[in-house]
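Note: hydrogens, waters and symmetry copies are ignored here, and every other heavy atom, side chains too, is used. Counting convention: from 1, in listed order, for ligands and their atoms alike.
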Amino acid sequence: MKVLVTGGAGYIGSHLVETLLTRGDEVFVIDNLSTGKIANIQHQIGKPRFRFVNDTILNESLVDRLAAQVDLVYHLAAVVGVKYVVQDPLAAVYTNVRGTEVVLGAAFRHWKKAVLASSSEIYGKSDKVPFHEEDDRVLGPTSIPRWSYSMAKAIDELYAYAYHAKGLPVAIVRYFNSYGPRLDERGYSSVVANFIRQALAGEPITVHGDGSQTRCFTYMDDTVRGTLLAGEVKAGEGQAFNIGNNRETSILELAKLIKRLTRSDSKIILVPYESYYGEGFEDTRRRVPSIERARKVLGFKPKVDLSEGLRRTIAWWRKDHRR
Ligand code: UDP
């Protein structure tokens with residue numbers, strides 16, 4: 001197959017590209033290296049079945065030309081990471097909404113199947129865990145920048161459903177805190193990356209609030225497998241899928257686990273949210289996916305548990321991590 005991966009130099013995108021190339025596909029990547037890194041795809045450059053275009057998904061004629069050449073589009077390019085979104089709300093809203101208009105618009109014009117990468121942020125601060133795909137969303141006010149990402153991704157999903165209503169094969173994946181090699185403390189997996197960096201440097205491990213907020217950390221291999229399945233399974237078209245591990249872990253537990261696995265002397269300290277995000281931040285207290293639908297329709301099942309995934313991630317960090 002010929003596949004276009006937008007955001008293919010990013011943390012998840014570059015792993016997806018690797019899997020596609022390994023299985024024999026021809027892969028086109030468009031990435032403007034805003035949060036993606038050339039180091040993530042350096043080893044692919046020059047391979048006959050790989051092409052990298054360093055440009056933005058806002059470049060409509062380019063995206064159109066690329067979509068015309070492929071069979072399938074994985075749309076992962078986005079402004080990601082709560083910290084980025086809070087720091088630059090305009091980029092988060094504009095790139096995430098306009099960029100998806102461009103990419104899904106091109107897929108529609110050329111009638112190519114598309115998989116839209118969305119997020120567990122969609123559910124906002126709802127306290128009805130686990131989150132089912134058709135549950136209500138609970139968001140704070142529009143004046144709190146954090147929720148702009150959830151809003152933008154919701155509009156992206158609305159586009160996906162709207163194109164599907166016109167007959168285009170589209171599926172949506174909602175990622176739950178993916179982590180693994182190539183994670184980036186500036187963007188995705190910021191808490192896992194921050195804690196590993198702090199633990200290895202012997203610096204205090206900074207837990208926000210009281211550390212009782214929870215997440216379900218999903219190892220990269222599982223994230224990528226769920227994404228691929230959404231592109232492959234016909235019955236998944238027209239639906240959103242939670243792609244995540246359903247084991248719930250508090251941030252304080254995560255800090256302790258990383259401290260133990262790195263054999264670090266770092267202290268674990270509790271710091272106020274404002275010290276990291278600035279004033280007026282709202283957090284999601286618990287975030288747990290229901291993975292029933294992904295299991296039934298896609299045959300998705302997470303395989304790598306948190307300790308094992310962290311061991312692999314820490315090993316990568318020690319060997320290959322570059323800031
Ligand atoms: N967090 C933390 N210390 C850090 C970075 C993040 O305690 O150095 C917390 C953050 O406040 C949130 C959780 O870890 O409660 C997950 O944050 P992240 O930015 O990784 O992703 P989110 O799940 O919020 O999108």
Can you see whether Glu292 engages His132 through a side-chain donor-acceptor pair at a distance of less than 3.5 angstrom? no
Applying the side chain to side chain contact (heavy atoms under 4.5 Å, CB included) test to Thr206, which of Val271, Val191, Leu270 qualifies? Val271
Which atoms of ligand 1 sit under 4.0 Å from any heavy atom of Ser190? 18 (P), 19 (O), 20 (O)
Report yes if some heavy atom in the side chain of Ser120 is under 4.5 Å from a heavy atom in the side chain of Tyr175; otherwise report no. no
If we number the atoms of ligand 1 from 1 as shown, the ones under 4.0 Å from a heavy atom of Asn177 are 21 (O), 22 (P), 23 (O)
Salt bridge Glu232-Arg23, side-chain N to carboxylate O under 4.0 Å: yes
Among Tyr277, Tyr276, Tyr84, closest by any non-hydrogen atom to atom 10 (C) of ligand 1: Tyr277
Using the ring-ring contact (aromatic ring centres under 6.0 Å, His included) rule, take Phe300 and Phe241 through it: C-alpha gap first, then chi angles, then the decisive distance, then the call. CA-CA 10 Å; Phe300 170 78; Phe241 296 95; 9.5 Å; no
Output the list of atoms in ligand 1 that are nearer than 4.0 Å to some heavy atom of Asn194, sorted by atom number. 4 (C), 5 (C), 8 (O)
Verdict with reasoning, Glu121 to Arg146, per salt bridge (charged side-chain N to carboxylate O under 4.0 Å, His left out): CA-CA 9 Å; Glu121 274 284 305; Arg146 190 223 169 102; 2.4 Å; yes
For ligand 1, is there an N or O atom under 3.5 Å from any N or O atom of Val191? yes
Heavy atoms only: which of Arg285, Gln198, Arg215 is nearest to atom 22 (P) of ligand 1? Arg215
Counting heavy atoms only, which part of Thr206 comes closer than 4.0 Å to ligand 1: side chain, backbone, both or neither? both
Does the pair Asp221/Lys303 count as a salt bridge with the N-to-O cut at 4.0 Å? no
Please identify which atoms of ligand 1 are closer than 4.0 Å to at least one heavy atom of Ile251. 7 (O), 13 (C), 14 (O)
Does Gln213 approach ligand 1 within less than 4.0 angstrom via side chain, backbone, both or neither, non-hydrogen atoms only? side chain
In terms of atom number and element, which parts of ligand 1 are under 4.0 angstrom from non-hydrogen atoms of Val207? 7 (O)
Between Arg182 and Glu18, does any NZ, NE, NH1 or NH2 come within less than 4.0 Å of an OD or OE carboxylate oxygen? yes
Need the ligand 1 atom indices (1-based, order shown) with element for anything under 4.0 Å from a heavy-atom of Arg287. 22 (P), 23 (O), 25 (O)
